[in-house]
Amino acid sequence: MRTRAPRSTRPAHRRTATAAALLTLSAGLAACSSSPASDDAPQGAAGDDAPSASQAVKVEPVRLTTSFADAASVPIDKPLTVSADGGELSDVRVTSAVGPVEGRVKGGTWTSTSLLEPGTDYRITASATRSDGEAVERTRAFHTVDLTLDEQTYPSIAPLEGETVGVGMPVVVTFDVPVTDRATFEKHMHVASTPAQKGSWYWLSDNEAHFRPTRYWKAGTDVTVDLDLNSVPAGNGIYGQEDRELSFHVGDAHVYRVNAQTHQMQVFSNGQLLRTLPITTGKPGFTTRSGVKVIMEKFAKRRMNSETVGINRNSPEAYDIDDVRWAMRVTYSGEFIHAAPWSVGSQGYANVSHGCTGMSTADAGWLYAMSRRGDVVEYTGTDRPMTLENGYGDWNLAPAAWKQGSALS
């Protein structure tokens, strides 16, 4: 697998080889001579029986044929092929400063099994057997098309390598430059799990795709993500910038069930009810969303300011709290689970928050300690639905609807 430096550090390529150097085939590319002194000429006995120069058997020269016409700007989105005229190809080596290109010879033609890097100088070294049985070697140089960083898209992945996550954690891939040829990209985006679980991709936009199984991951699952996207066309003249691969682990099945009508949270681990916690959720005008949410971030301490959720500082509903403890985000729009010592008197009895799920400091600390990114929080009891894009809202779509979000469906 070929990898390149991330977008923030990888410099733009510059063409370094001149056209003359790139097109060089040299005298060796077409070496052919009938002179008795030439390696290509048969050697007979001396005297009258020796053939003259005009009678010598002519040997066809070995010439390389490649899949590109312009050696100064070779495309990267198709396999490279090399064949030999005038001889039988036995081996091909394609090398560059970024490493060799893998490939194989079949039916007299060498074909690369990986794509080329942009803006890179390559050298082909081919071995062939000439028609007279002589082994020869031919070389050719070329340079791939130059691309700017704006013509390449870099894939970022969540979770992180080696991370242990909850059973609701989707694979989230974000692209810094839009992917308009989603189908081509998706063919190169692979997720494997042990034990195996069926799943599919869903494109939220040209910049973001999520993968989830049909149901929550099974506790203890190991997952590998393989994005074979380097030099793959993304549409509109954009190409994948880098291959990415990582693995993560799914921990215990933590599912928290919040009922905004009873003001209670039931905490389950691997199907066992551990505790029932008194909570408060959003009051009228700030109704907490019902549906399936997933913990996205954790903060031991976090400042919460109402202006970040659209409440003006001069509003009677304004707030600015520097040290909210044990905060866990469940929506992009600002819903958290956190300690709310100021509302303990209402917890278990009434909804008085601005949309967050509040509980005592002791209960919030206990829950925070056992929770991880990807744990599931299932909300019921309100008429305001959770949406797909407001966090990891993936589980609010039925499996059939989710599958329709694949570019390959």
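Residues: numbered from 1 along the sequence shown. Treat the numbers as computed from the prediction; the structure is a model and nothing was measured.
- In this structure, a donor-acceptor pair under 3.5 Å is absent between the side chains of S269 and D252.
- At least one side-chain heavy atom of Y216 sits less than 4.5 Å from a side-chain heavy atom of V292.
- Note on ring orientation: taking the six-membered ring where Trp is involved, the planes of F248 and W217 are perpendicular (angle over 60°, cut-offs 30° and 60°).
- Between the side chain of S306 and the backbone N or O of Y319, at least one donor-acceptor pair lies under 3.5 Å.
- Counting non-hydrogen atoms of neighbouring residues, nucleotides and ligands closer than 6.0 angstrom, the NZ atom of K298 exceeds 12 such neighbours.
- Judged by distance alone, the side chain of E186 and the main-chain N or O of A407 form a donor-acceptor pair under 3.5 Å.
- The closest donor-acceptor contact from the side chain of S127 to the backbone of S90 lies at 3.5 Å or more, if one exists at all.
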How far apart are the C-alpha atoms of E163 and M169, what are their side-chain angles, what is the distance that settles it, and do they pass the side-chain contact (heavy atoms from CB on, under 4.5 Å) test? CA-CA 11 Å; E163 185 177 356; M169 184 70 197; over 6 Å; no
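- Side chain of T221 to main chain of A219: no donor-acceptor pair is present (N/O by atom type, distance under 3.5 Å, no hydrogens or angles).
- No side-chain heavy atom of N396 sits under 4.5 Å from any side-chain heavy atom of L388.
- In this structure the side chain of I295 never reaches within 4.5 angstrom of the side chain of Y368, judged on heavy atoms.
- S96 and E117 share no side-chain donor-acceptor pair at under 3.5 Å.
- One N or O on the side chain of N390 and one on the backbone of S333 form a donor-acceptor pair closer than 3.5 Å.
- Judged purely by distance below 3.5 Å, without hydrogens or angles, the side chains of T66 and R140 pair a donor atom with an acceptor atom.
- Below 30°, between 30° and 60°, or above 60°: for Y256 and H254 the angle between ring planes is below 30°, a parallel geometry.
- Distance check: K283 NZ to T288 OG1 gives 11.5 Å after rounding to the nearest 0.5 Å.
- T194 and D222 are not linked by any side-chain donor-acceptor pair at a separation below 3.5 angstrom, with hydrogens and angles left out of the test.
- Counting only heavy atoms from C-beta outward, the side chains of V225 and R244 never approach each other to under 4.5 Å.
- Using modelled atom types, one finds a donor on one side chain and an acceptor on the other under 3.5 Å when comparing T224 with S247.
- A donor-acceptor contact closer than 3.5 angstrom is absent between the side chains of Y379 and T281.
- Expressed to the nearest 0.5 Å, how far CZ of R182 lies from OG of S205 amounts to 6.5 Å.
- In this pair, F211 and W201 present their aromatic rings perpendicular. The plane angle is above 60°, beyond the 30 to 60° band.
- Distance OG/S353 to CD1/I279: 8.5 Å, rounded to 0.5 Å.
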Set out, in order, the CA-CA distance, both residues' side-chain angles and the distance that settles side-chain contact (heavy atoms from CB on, under 4.5 Å) for T95 and T125, then state yes or no. CA-CA 8 Å; T95 57; T125 303; 5.6 Å; no
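- Between R302 and E297 there is no salt bridge, since none of the side-chain N atoms of the basic residue sits less than 4.0 Å from a carboxylate O of the acidic one.
- Atom OG1 of T129 and atom CD of E134 lie 9.5 Å apart (nearest 0.5 Å).
- The backbone N or O of A300 sits less than 3.5 Å from a side-chain atom of R325, completing a donor-acceptor pair.
- With hydrogens and angles ignored, the 3.5 Å screen pairs a side-chain donor or acceptor of N351 with a backbone N or O of A260.
- Counting heavy atoms from C-beta outward, S360 and Q347 have side chains that approach closer than 4.5 Å.
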Steps toward side-chain contact (heavy atoms from CB on, under 4.5 Å) verdict (F336, V324): CA-CA 10 Å; F336 285 78; V324 177; over 6 Å; no
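- The closest side-chain heavy-atom distance from V309 to H354 is not below 4.5 Å.
- Within the 4.5 Å cutoff, the side chain of Y202 has no heavy atoms near those of the R212 side chain.
- Y122 places none of its side-chain heavy atoms less than 4.5 Å from the side chain of V74.
- If you take CG on L116 and CG on L80, they are separated by 5.5 Å, rounding to the nearest 0.5 Å.
- The number of heavy-atom neighbours closer than 6.0 Å to CG of N236, taken from other residues, nucleotides and ligands shown, is 12 or below.
- In terms of modelled atom types and a separation under 3.5 Å, the side chain of D243 and the main chain of L229 share a donor-acceptor contact.
- Between Y392 and Y332, the ring planes are perpendicular. Angles over 60° get that label, and only those under 30° would be called parallel.
- In R275, the CZ atom is crowded: over 12 heavy atoms of neighbouring residues, nucleotides or ligands sit closer than 6.0 Å.
- Listed here is the closest heavy atom pair of T153 and A234: CG2-CB, 4.3 Å.
- Within 6.0 Å of atom CD in E88, 12 or fewer heavy atoms from other residues, nucleotides or ligands are found, so the atom counts as exposed in its surroundings.
- Side-chain atoms of H249 do not come within 3.5 Å of backbone N or O of T164 as any donor-acceptor pair.
- Using modelled atom types, no side-chain atom of S83 and backbone atom of T109 make a donor-acceptor pair closer than 3.5 Å.
- We find the CE-OG1 distance between M265 and T276 to be 10.5 Å, quoted to the nearest 0.5 Å.
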Are F142 and I124 close enough, and set up right, to give a side-chain contact (heavy atoms from CB on, under 4.5 Å), and what steps lead you there? CA-CA 8 Å; F142 66 92; I124 301 170; 3.7 Å; yes
